[in-house]
Amino acid sequence: MFNSSNPLVHSLTPPLKLSSNLFFISVPKPSNLCTRALKPATANFSLSYSLESPSNQLSLAHSLQSETLEILEWASVCKQLSALAFTAMGFSAAQEAHIPVGRSQEESQKLLDQTTAAVDAITMAGSPPSDFSAIENVSDIVSYAVSGKLLSINELCAMRRTLNAAKGLFEKLKGLALSADCTDRYLPLLEILDDCDFLVELEKTIGLCIDCKLSIIVDTASEDLEIIRSERKSNMENLDSLLKEVSTQIFKAGGIDSPLVTKRRARMCVGVRATHKHLLPGCIVLDVSSSGATYFVEPKEAVELNNMEVRLSNAERAEEIGILSFLTSEIAKSETPIMYLLDKVLEVDLAFARAAYALRMNGVCPIFSSKDCQDLDSGGASLATTVDIEGLQHPLLLEPSLKNLSDVLESSSRNHLSSDDVNGLKMITGSLSGRASDFPVPIDIKIGCGTRVVVISGPNTGGKTASMKALGLASLMSKAGMYLPAKNHPKLPWFDLVLADIGDHQSLEQNLSTFSGHISRICNILEVASKESLVLIDEIGSGTDPSEGVALSASILLYLKGRVNLAVVTTHYADLNRLKEKDNQFENAAMEFCLETLQPTYRILWGSTGDSNALSIAKLIGFNQRIIERAQKWVERLMPEKQQERKGLLYRSLIEERGRLEAQAKLAASLHSDIMDLYREIQDEAEDLDKRKRALMAKETLQVQKEVKTAKSQMESVLNEFDNQLKTAGADQLNLLIRKSEAAIASVIKAHCPDDDLLVSETSTASYTPQPGEQVHLKRLGDKLATVVETPGDDGTVLVQYGKIKVRLKKNDIRAVPSIEKNRMTNSAPRLKQQASQSRTGETESGEVTYGPVIQTSKNTVDLRGMRVEEASDLLDLVISARQSQSVLFVIHGMGTGVVKERALEILKNHPRVAKYEQESPMNYGCTVAYIK
């Protein structure tokens with residue numbers, strides 16, 4: 001509660017004199033984005049440059065970096081990001097390209113981790129936290145408070161809303177972390193706000209003093225204010241009552257058309273005709289109407305009450321100013337934590353903006369390759385690339401697909417974003433597939449480990465410059481913690497500087513020709529580039545004599561290879577492609593050009609060299625045919641005889657060969673995918689065999705125990721009956737009684753013992769030698785039947801075939817088929833042989849349609865065991881109706897009482913979709929095979 005006795009009410013502390021260093025920090029920390037006055041974007045990208053360098057060199061590095069950002073159109077990428085910011089601070093920072101960029105690989109990785117956490121938060125919640133909508137840029141309000149300016153009620157309410165929303169944002173992020181499976185997932189975002197002071201007491205104090213809904217200071221803001229307003233209310237009631245009574249008397253006396261009580265010159269008064277002024281003797285005239293017919297007078301009885309109103313009104317205003325002064329001073333004293341909180345909120349906002357941008361363009365998180373280039377794959381093999389980006393698309397060329405979102409958010413207020421705009425982000429997360437796949441054409445950038453210079457050749461308009469710019473932007477985006485519009489897991493090094501020489505640097509003001517401007521900029525780049533820099537040079541050595549241009553370009557590239565992390569240059573000089581033959585630190589690449597359509601494909605062919613195809617492009621544009629023909633003759637004159645033709649034929653043959661290899665690679669990938677699907681299906685069933693085996697063993701054990709118990713009970717009944725009959729039987733009946741009991745016991749034993757033909761003793765198993773072509777049981781595959789291919793070898797293993805799979809097993813892993821099964825299999829052999837023949841040929845002798853190999857899997861099997869007849873009937877009918885045409889269905893009904901089996905056979909016999917069915921066989925006991933039409 002505010003206390004008017006506080007000296008801060010009437011005497012604020014002197015305004016603080018802020019140093020300009022607080023506004024323009026020469027090297028700001030990446031975690032402290034100054035929201036009051038942000039640095040230019042160039043400073044953010046040159047922070048990693050050594051401060052020990054000479055001042056002129058540091059200034060040159062800043063200048064080159066600034067020009068590179070302009071060349072690569074980094075500001076345009078930031079403007080795309082600004083449309084996805086959720087606060088006015090974030091919108092303004094991104095619009096002016098003032099976004100955080102890591103000064104080291106660790107800081108850039110931290111920004112990427114924040115983006116990943118924000119992506120997870122949006123994906124989990126469906127939208128970003130709604131608290132962003134209430135956060136305002138109150139940095140100016142803090143500056144006003146520090147300078148001594150009295151803050152208004154609206155400004156104080158804005159401060160309260162921002163503090164409350166910032167705290168709500170932190171609580172929302174903590175709630176997401178607690179509800180997630182892995183609490184560390186949102187740790188990068190929580191760490192941003194973890195050490196912030198949310199100034200809860202200041203927010204409560206403002207709330208106790210001001211009603212922000214009505215924008216008024218409440219009576220309870222101070223004791224004096226409450227007393228003053230109470231006295232003023234009572235005085236006004238008395239004054240109003242008095243004036244109404246006087247005005248009524250004047251009206252009755254004819255001094256006015258209707259009673260009139262009003263205010264003139266800040267004092268309450270009544271209206272009276274000028275001719276009836278005598279009705280109020282001793283009154284004070286405060287005002288006269290424009291016609292002069294009406295006087296506004298203050299009766300002498302109201303003078304003291306009006307004086308009291310003025311005094312109380314002034315006292316109330318003074319007390320309100322004192323309260324506002326107190327709150328203003330509290331905000332001024334909290335300048336540091338408030339500004340720090342705004343900086344951190346801006347970091348969180350930009351992290352969510354980067355996440356929304358990543359979701360909108362279906363981006364993927366880049367991976368920074370290690371400096372020593374010792375990355376290993378899961379198998380321990382060395383990964384031979386330092387840059388490996390698949391399907392990279394130029395982010396600015398994706399702008400048309402992002403346009404619809406930009407239109408939605410562009411209309412929002414730049415000072416405040418409404419909750420409707422924040423909720424509109426659901427459109428972002430629901431449009432993951434909105435990115436066009438055909439335009440821009442994705443490119444693959446694969447640069448081997450140890451490569452320092454890449455020379456790209458190819459035709460004009462082929463995409464060399466655009467590809468180089470895409471690589472530069474990808475490097476900047478990864479440094480700034482942004483996802484890349486690419487596929488899989490893009491990998492690239494962290495570059496401290498990205499330096500580019502692209503375009504015409506001719507300057508009449510500086511007396512620079514095209515060539516001199518080009519060389520001057522390359523000279524500056526060579527001066528500031530470091531071992532961790534990326535250098536991009538377009539048309540190196542152009543604009544002068546070709547022979548001298550080639551010599552100078554080769555010398556520059558040889559100089560660059562030992563002084564930068566990576567240099568990428570484009571050229572039309574064929575001689576530069578030969579540098580790779582002498583030095584493995586060079587790599588060649590070419591832009592593909594289709595000679596049939598005379599159109600570029602915009603694909604990069606790594607390890608290749610390309611022609612300029614100038615004449616083909618000129619012809620495509622519509623150049624005069626006679627000029628083209630004459631130029632062609634000059635080319636043939638300048639080049640050795642038939643060399644150009646041979647080169648073209650060789651190029652076309654290589655392109656055709658590459659096309660064939662790509663087709664074969666796609667076919668191999670398709671076959672590999674099919675094989676892996678089959679392998680996974682077999683593996684899943686094999687893993688399920690152990691469970692089924694244990695379940696069957698448990699079931700058999702229970703069955704055996706049950707039969708033993710039953711046999712024991714039956715034999716005890718026979719013995720009890722024998723004892724009872726023995727007591728009453730005579731001597732001549734004793735032998736008959738014994739034979740009868742023995743016969744009963746023998747029948748019980750026979751009923752509960754398997755046939756001898758079905759048993760294979762351990763001795764016979766040990767001495768058993770399977771013969772080729774013989775059927776055997778595979779113990780580890782649930783006693784499935786397989787065929788012996790070869791006789792056992794010296795190592796005691798047997799080669800068997802199960803379906804299409806051949807495997808070598810130990811002899812003790814198989815067992816012989818009992819004689820009864822052999823007889824059944826012998827009887828069914830002709831039918832099985834005919835069925836196998838049909839599967840191979842595709843049709844029967846009568847021309848009937850066949851159903852392929854009859855192989856049981858989990859997908860074509862329905863298990864009715866353990867069900868009631870009604871349940872089994874409904875399930876079987878449903879499965880038959882859902883099966884595809886000309887397919888096979890395995891119906892497992894078991895042995896049991898036979899009720900389910902009889903019902904299943906009846907359904908198969910009468911169902912219109914069942915062409916035929918085969919009852920159980922030695923291959924499938926308790927299972928019927930149905931063939932679906």
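Source: prediction; values computed, not measured.
- Proximity of a side-chain donor or acceptor of R913 to a complementary backbone N or O of R883 within less than 3.5 Å is detected.
- With T928 as the partner, the side chain to side chain donor-acceptor pair (under 3.5 Å) test is satisfied by one option alone out of H893, K901, E918: H893.
- Here the closest heavy-atom approach between residue G481 and residue T115 is recorded as O-OG1, 2.6 Å.
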Review point. Passes side chain to side chain contact (heavy atoms under 4.5 Å, CB included), L112 versus F368? Steps please.
Key: CA-CA 11 Å; L112 284 172; F368 291 117; 3.7 Å; yes
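- Taking OG of S713 as the start and CG of N720 as the end, the distance is 9.5 Å to the nearest 0.5 Å.
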Exercise for review: Test D194 against F170 for side chain to side chain contact (heavy atoms under 4.5 Å, CB included), laying out the working first.
Suggested key: CA-CA 8 Å; D194 196 37; F170 184 57; 4.0 Å; yes
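- Nearest heavy atoms, A486 versus V364: O-CG2, 3.6 Å.
- The pair R903-E906 meets the salt-bridge criterion, with a side-chain N (NZ, NE, NH1 or NH2) lying under 4.0 Å from an Asp/Glu carboxylate O.
- Summarising the geometry, atom CG belonging to L178 is positioned 11.0 Å from atom CG belonging to L173; distances are rounded to the nearest 0.5 Å.
- With a 4.5 Å cut-off on side-chain heavy atoms, I932 and S885 do not count as touching.
- At least one side-chain heavy atom of M676 sits under 4.5 Å from a side-chain heavy atom of H672.
- A salt bridge is defined here as a Lys NZ or Arg NE, NH1 or NH2 lying under 4.0 Å from an Asp or Glu carboxylate O, and E171 with K174 meets this definition.
- Distance check, rounded to the nearest 0.5 Å: NZ of K110 to CD1 of I192 gives 7.5 Å.
- Within the 4.5 Å cutoff, the side chain of L492 has no heavy atoms near those of the S369 side chain.
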Practice item. Could you please spell out the steps behind the side chain to side chain contact (heavy atoms under 4.5 Å, CB included) verdict for I880 and V891? Key: CA-CA 10 Å; I880 294 175; V891 182; over 6 Å; no
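- For the pair S873/R868, no side-chain contact is recorded, criterion being any heavy-atom separation below 4.5 Å from C-beta on.
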**Study point:** Full working for ring-ring contact (aromatic ring centres under 6.0 Å, His included) between Y917 and Y931
**Key:** CA-CA 6 Å; Y917 63 91; Y931 296 85; 9.6 Å; no
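- Between V788 and Q771 there is no side-chain heavy-atom pair separated by less than 4.5 Å.
- If you look at Y483 and Y357, their ring centroids are not closer than 6.0 Å.
- N488 contributes atom CG, which lies 12.0 Å from atom CD1 of I389 (distance to the nearest 0.5 angstrom).
- S673 contributes no side-chain N or O that, together with a main-chain N or O of A669, makes up a donor-acceptor pair within less than 3.5 Å.
- In terms of the side chain to side chain contact (heavy atoms under 4.5 Å, CB included) criterion, residue partners of V704 (sequence neighbours excluded) are, by chain and number, V708.
- To the nearest 0.5 Å, the span separating CZ on R354 from CG on L359 amounts to 13.0 Å.
- Contact record, A351 with L189: CB-CD2, 4.0 Å, taken as the closest heavy-atom pair.
- Of all heavy-atom pairs between E774 and P770, the closest is OE1-CA, 3.6 Å.
- Residues T769 and K811 form a side-chain contact, since some pair of their non-hydrogen atoms from C-beta on lies under 4.5 Å apart.
- The minimum heavy-atom distance linking D444 with G391 is given by the pair OD1-N, 2.8 Å.
- In plain terms, the two heavy atoms of P792 and V798 that are nearest each other are CG-CG2, 3.7 Å.
- A side-chain donor-acceptor contact under 3.5 Å links D113 and Q109.
- Between L809 and I814 there is a side-chain heavy-atom pair separated by less than 4.5 Å.
- Counting only N and O atoms by type, the side chains of Q775 and T787 include a donor and acceptor under 3.5 Å apart.
- Listed for the S670 side chain is no donor-acceptor partner under 3.5 Å among the backbone atoms of K666.
- Other residues, nucleotides and ligands place no more than 12 heavy atoms under 6.0 Å from the NZ atom of K167.
- Between the side chain of K916 and the main chain of A930, no donor-acceptor pair closer than 3.5 Å is present.
- P490 is not listed as a side-chain neighbour of L392, based on a closest heavy-atom distance of 4.5 Å or more.
- The CD atom of E191 sits 15.0 Å away from the OH atom of Y186 when rounded to the nearest 0.5 Å.
- Taking a cutoff of 4.0 Å between a charged side-chain nitrogen and a carboxylate oxygen, D388 and K446 qualify as a salt bridge.
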**Study point:** L875 and V862: CA distance, side-chain angles, deciding distance, side chain to side chain contact (heavy atoms under 4.5 Å, CB included) verdict
**Key:** CA-CA 8 Å; L875 177 61; V862 56; 3.9 Å; yes
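- Checked for salt-bridge contact, R865 and D863 meet the test: a charged N lies under 4.0 Å from a carboxylate O.
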